[in-house]
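These numbers come from a predicted model, not from an experiment.
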Amino acid sequence: MKNRLTDVLFAVCLIAVLWAATVAQGQTPLYKVETISDTWVDAARDGREVPVKAYLPADAQGPRPVIIFSHGLGGTRDGYGYLGEFWASHGYVSVHLQHLGSDDAVWRDAKLGQRMSAMRKATTDLSNSLNRPLDVTFAIDRLEALNREADSPWFGRLDLEHIGMAGHSYGAFTTMAIAGQAFVGRGGQTSNLADERVDAAIAMSPQAPRNKKHYDASYAEIAIPLFVMTGTDDTSPIGSTSVADRRVAFDHTPGPAEGGPEVYLVTFTHGDHMIFSGRPRRGFDPPAGGDDKVFQAHICQSSLAFWDAYLTGDEASREWLRGGGFEKELGDTGVFEVKP
């Protein structure tokens, strides 16, 4: 009985500490959050469906900046809800896409022991890598139309002059493609699926190009602020991506001193691949670690500062990122790097 009481008191104290830290970090919700779920159809791609779930600040006045979010392999529009809820509670419209062909349909009907192989197979289908960034561009087109329709629940609520792009894992690949990462072919030719309407990007667990010789060419055209997030245990559950691969986008994107955008990297100590996801329960994901809530508090805090800095022009948030504020707040939970 005594041990149980001690455990309860410890849990209560931990919750109180986390709550106090959240308030101290300015994360008190400013708006109530509502959601809109829909499925859009892209006639230009043979009627391809793009399911969406959006989190909106319900009582916000005037149009609000927009964030497009791309899930990881095997995910859905319902994933990463903690981010959508958080960003919307601070005044952003967070639109979470579902990418058919690399969503939960990949593994849902497979036997438990065959789910990982089914996921790996989906990554070899090049149409998935092409359709994902095209889904994003189509979604922005659709939002522009809905924002003009007087009978739409989106009418006049979207500030599409200020758009952020974020994603995890395969969604980070999608994010980097939209941000301007070039894909270099065997002959050295490059292709680019960037959408110039996007103003800033957050890539959680991005991959590196297969050929190291292409690193500089791959990231040379990125011209928008970029925030890369990873962890010291962030290996891939699907392929052979190493922890070192996760920081390649940061290392090879030219920073301000090289004529490029402002670029950041946070590496969470003992953070694995799934700390960003909210840990969906699919029968084969690793269990949540004890630090997930702590990591996610820092993810929310730093991402909000990044959006405030680069989507709303808040100089105090930019200075907090560049001037050591986040580094101090992070402490020994991770390492934060800023390109000069």
Side-chain angles (χ1 to χ4, degrees), residues 14-38 52-71 75-98 139 143 146-147 153-168 171 175 198-202 204 225 227 229 266 275-280 292-318 320-321 325-326 329-330:
L14 178 60
I15 291 171
V17 168
L18 289 175
W19 178 84
T22 297
V23 172
Q25 294 163 0
Q27 293 185 3
T28 304
L30 303 178
Y31 301 96
K32 295 179 181 179
V33 178
E34 66 173 290
T35 61
I36 297 175
S37 294
D38 201 353
V52 301
K53 181 176 182 179
Y55 301 81
L56 301 92
D59 45 352
Q61 299 297 313
R64 307 303 302 178
V66 174
I67 301 164
I68 308 293
F69 191 88
S70 175
H71 64 74
T76 72
R77 62 184 174 182
D78 295 312
Y80 308 86
Y82 78 97
L83 287 171
E85 290 275 354
F86 181 79
W87 292 336
S89 75
H90 287 271
Y92 293 88
V93 176
S94 187
V95 183
H96 295 221
L97 309 185
Q98 184 165 331
L143 289 169
L146 290 168
N147 200 39
W154 306 83
F155 177 63
R157 301 176 70 178
L158 309 177
D159 174 7
L160 294 166
E161 295 299 316
H162 299 94
I163 300 176
M165 178 72 212
H168 173 232
T175 297
V198 171
D199 301 295
I202 298 177
M204 305 170 182
F227 193 172
M229 297 184 175
V266 62
I275 62 171
F276 305 101
S277 70
R279 304 276 171 171
D292 269 28
K293 293 298 183 184
V294 175
F295 290 140
Q296 287 167 14
H298 286 302
I299 292 165
C300 288
Q301 178 194 23
S302 60
S303 64
L304 178 62
F306 182 79
W307 298 135
D308 286 350
Y310 299 108
L311 296 186
T312 73
D314 182 57
E315 186 59 31
S317 294
R318 178 179 174 274
W320 184 79
L321 288 170
F326 178 47
E329 194 73 48
L330 188 62

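Side-chain N or O atoms of D199 include none that pairs as donor or acceptor with a backbone N or O of G164 at under 3.5 Å. Distance alone, capped at 3.5 Å, places no donor-acceptor pair between the Q98 side chain and the G75 backbone.
Remark: Q61 engages no residue in a side chain to side chain donor-acceptor pair (under 3.5 Å) (not counting sequence neighbours). For Y55, the ring pair (Phe, Tyr, Trp, His ring centres under 6.0 Å) criterion is met by H96, not counting sequence neighbours.
You'll find the side chain of L83 stays beyond 4.5 Å of the side chain of H168, heavy atoms only. Between V93 and P57 there is a side-chain heavy-atom pair separated by less than 4.5 Å.
Note that CG of N147 and CZ of F155 are 8.0 Å apart. Values are rounded to the nearest 0.5 Å. In this structure, the separation between CE on M229 and OG on S303 is 5.0 Å, given to the nearest 0.5 Å. How far NZ of K293 is from SG of C300: 9.5 Å, rounded to the nearest 0.5 Å. R64 CZ to Y31 OH: the interatomic distance, rounded to the nearest 0.5 Å, is 4.0 Å. Expressed to the nearest 0.5 Å, how far CG of D59 lies from CD of E34 amounts to 9.0 Å. Distance check, rounded to the nearest 0.5 Å: CG of L97 to CZ of R77 gives 10.5 Å.
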Throw together a table of side-chain donor-acceptor distances under 3.5 angstrom for residues 305-314, partners on residues two or more places apart or in other chains.
unit_1	atom_1	unit_2	atom_2	d
D308	OD1	Y92	OH	2.5
Y310	OH	E262	OE1	2.2
Y310	OH	Y264	OH	2.5
T312	OG1	D308	O	2.5
D314	OD2	S317	N	3.0
D314	OD2	S317	OG	2.5

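Nearest heavy-atom pair, I202 versus T175, reported as atom, atom and distance to 0.1 Å: O-CG2, 3.5 Å. For the residue pair Y80 and F276, the shortest heavy atom distance occurs at CD2-O, 3.3 Å. Of all heavy-atom pairs spanning P153 and I36, the tightest one is CB-CD1, 3.9 Å.
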Run the side-chain contact (heavy atoms from CB on, under 4.5 Å) test on M165 and S70 for me, step by step, so that the C-alpha distance in whole Å, both residues' side-chain angles and the decisive distance to 0.1 Å come before the verdict.
CA-CA 8 Å; M165 178 72 212; S70 175; 3.8 Å; yes
